[in-house]
Amino acid sequence: MTMAYRFTAGRCLMALSGLFLLFAGLLLPSGLWAEEVRVRNAAELREALSRPAVEVITLANGHYGELSAPAGFGRPVTLRAERRHGAVFDAIKLEKVRGVGFRDIAVDGSLSIRGPSADVDIRGVQIRGTLYLRDIDRAVIHDNEVAGGKFGVILNSVRNFSLRHNTIRKASEDLLRITGDSAFGLVEYNIILDTVAVRPTHPDLIQFFGLEGSTPNNIIVRRNLLSDPDIKDHVTAQGIFVSDPRSAAGFRNILIEENLIRTRSTNTIY
């Protein structure tokens, strides 16, 4: 009787161990064992990025220089400021990233992410230059402030994207460009206003055009405020300008509705 009990208990223990290993194997890829750290300067940030288990990095107030990763990070990484816009970068230049996120940081220059990349999430970020995304699948761009660059936001061949509740202003050329193979996107509830262009440039508040054999398609532009008042010595911008397709089918499934557009250009929607 006692031996039978011990044998049964042993089998149960082995079964439970097997189940634990099974669940651990299932949960590990989802980030159960991912590490979160807090850093205070650029050196500590570099050290945290070098550790494969670190996926969430909280940035104390301070200056972090330029962040460059031409080969990506090798795993999902989220950088978030401890206080809104208290962690400041000179510029950010990334390529070949998957699962990169930025929360509430500030960038004194441009933020550029090139592909092939996927699952980019940018929220609450203050950018004093251009936000440039190219060759990316799945991008969330919400609640950001972009101002002061040559361009505002450029989405070049970005698919499955959401651009919502951003303020984009004070660029010397186009404020929002959607080009190339960009598709399946939503542009909604943004404030896009005030270019600072001078002749001979002729900026657009939102511009679509084809590039390298592809043309943007399946995009909704809805409930945005677009404005460019006539300011002395500046060139008034065109509103939403859709032109120059580069594929045989041309532009397809572009819905523009319920926007408020104020500009002195004759091309409010072209």
Side-chain angles (χ1 to χ4, degrees), residues 30-114 117-134 136 138-149 151-155 158 161-171 175-176 188-192:
S30 69
L32 179 66
W33 310 114
E35 188 178 347
E36 180 175 341
V37 299
R38 178 182 182 270
V39 301
R40 297 167 296 176
N41 52 53
E44 290 184 1
L45 174 59
R46 288 193 296 271
E47 194 276 332
L49 288 170
S50 70
R51 292 157 53 187
V54 174
E55 292 189 5
V56 179
I57 302 174
T58 299
L59 304 161
N61 285 2
H63 187 260
Y64 290 85
E66 180 176 307
L67 175 62
S68 179
F73 298 120
R75 84 282 189 185
V77 177
T78 296
L79 275 62
R80 64 186 186 191
E82 194 167 54
R83 294 185 180 178
R84 186 174 176 85
H85 304 156
V88 182
F89 290 83
D90 291 332
I92 296 176
K93 301 176 183 178
L94 309 180
E95 296 182 38
K96 302 173 185 175
V97 292
R98 298 189 68 87
V100 67
F102 295 102
R103 298 282 191 283
D104 298 326
I105 66 169
V107 185
D108 279 340
S110 294
L111 195 166
S112 171
I113 304 177
R114 297 172 180 263
S117 295
D119 300 311
V120 171
D121 195 320
I122 303 170
R123 302 179 194 240
V125 176
Q126 183 182 75
I127 302 169
R128 301 183 185 94
T130 299
L131 173 59
Y132 180 82
L133 305 182
R134 177 165 185 153
I136 294 171
R138 298 181 299 279
V140 174
I141 308 151
H142 290 182
D143 305 305
N144 304 288
E145 304 170 21
V146 183
F151 298 95
V153 176
I154 298 179
L155 306 180
V158 178
F161 68 87
S162 173
L163 184 83
R164 303 183 78 237
H165 294 288
N166 303 281
T167 300
I168 306 168
R169 62 190 183 91
K170 298 294 184 185
L175 287 173
L176 172 60
E188 187 176 54
Y189 294 113
N190 301 283
I191 299 173
I192 302 173

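Counting begins at 1 with the first residue of the sequence.
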Heavy-atom pair with the smallest gap, counting every atom of [X] and [Y]:
X    : Y    : value
V140 : R123 : CG1-NH2, 3.5 Å
A139 : L133 : CB-CD1, 4.4 Å
V37  : A48  : CG2-CB, 3.8 Å
V100 : L94  : CG2-CD1, 4.0 Å
I113 : I136 : O-CD1, 3.5 Å
L59  : A87  : CB-CB, 3.6 Å

Note, [X] side chain near [Y] side chain (heavy atom, < 4.5 Å):
X    : Y    : answer
I57  : L49  : yes
V88  : Q126 : no
V125 : L131 : no
L155 : I141 : yes
I191 : R169 : no
N166 : V153 : no
D121 : R103 : yes
R128 : K170 : no

- Message: Evaluate R75 against V54 for side chain to side chain contact (heavy atoms under 4.5 Å, CB included), listing each step before the verdict.
- Response: CA-CA 9 Å; R75 84 282 189 185; V54 174; 4.0 Å; yes

To the nearest 0.5 Å, what is the distance between [atom1] ([X]) and [atom2] ([Y])?
X    : Y    : atom1 : atom2 : value
L45  : T58  : CG    : OG1   : 11.5 Å
E82  : R40  : CD    : CZ    : 11.0 Å
S68  : D90  : OG    : CG    : 12.5 Å
I92  : I122 : CD1   : CD1   : 8.5 Å
I105 : L67  : CD1   : CG    : 8.0 Å
D104 : L79  : CG    : CG    : 12.0 Å

- Query: Between E188 and R164, does at least one N-O distance fall below 4.0 Å, as a salt bridge requires?
  - Reply: yes

- Task: Under the side chain to side chain contact (heavy atoms under 4.5 Å, CB included) rule, what do R98 and R138 come out as? Steps first, then yes or no, please.
- Result: CA-CA 10 Å; R98 298 189 68 87; R138 298 181 299 279; 3.7 Å; yes

- Item | Candidate pair L176 and N190, rule side chain to side chain contact (heavy atoms under 4.5 Å, CB included), full reasoning | CA-CA 11 Å; L176 172 60; N190 301 283; over 6 Å; no

- Where at least one partner belongs to residues 52-91, residue pairs that pass ring-ring contact (aromatic ring centres under 6.0 Å, His included), sequence neighbours excluded: Y64-F89

- Task: Take H165 and H142 through the side chain to side chain contact (heavy atoms under 4.5 Å, CB included) test and state the conclusion after the steps.
- Result: CA-CA 6 Å; H165 294 288; H142 290 182; 5.6 Å; no

- Message: Would the distance check show the side chain of T130 and the main-chain N or O of G149 forming a donor-acceptor pair, the cut-off being under 3.5 Å?
- Response: no

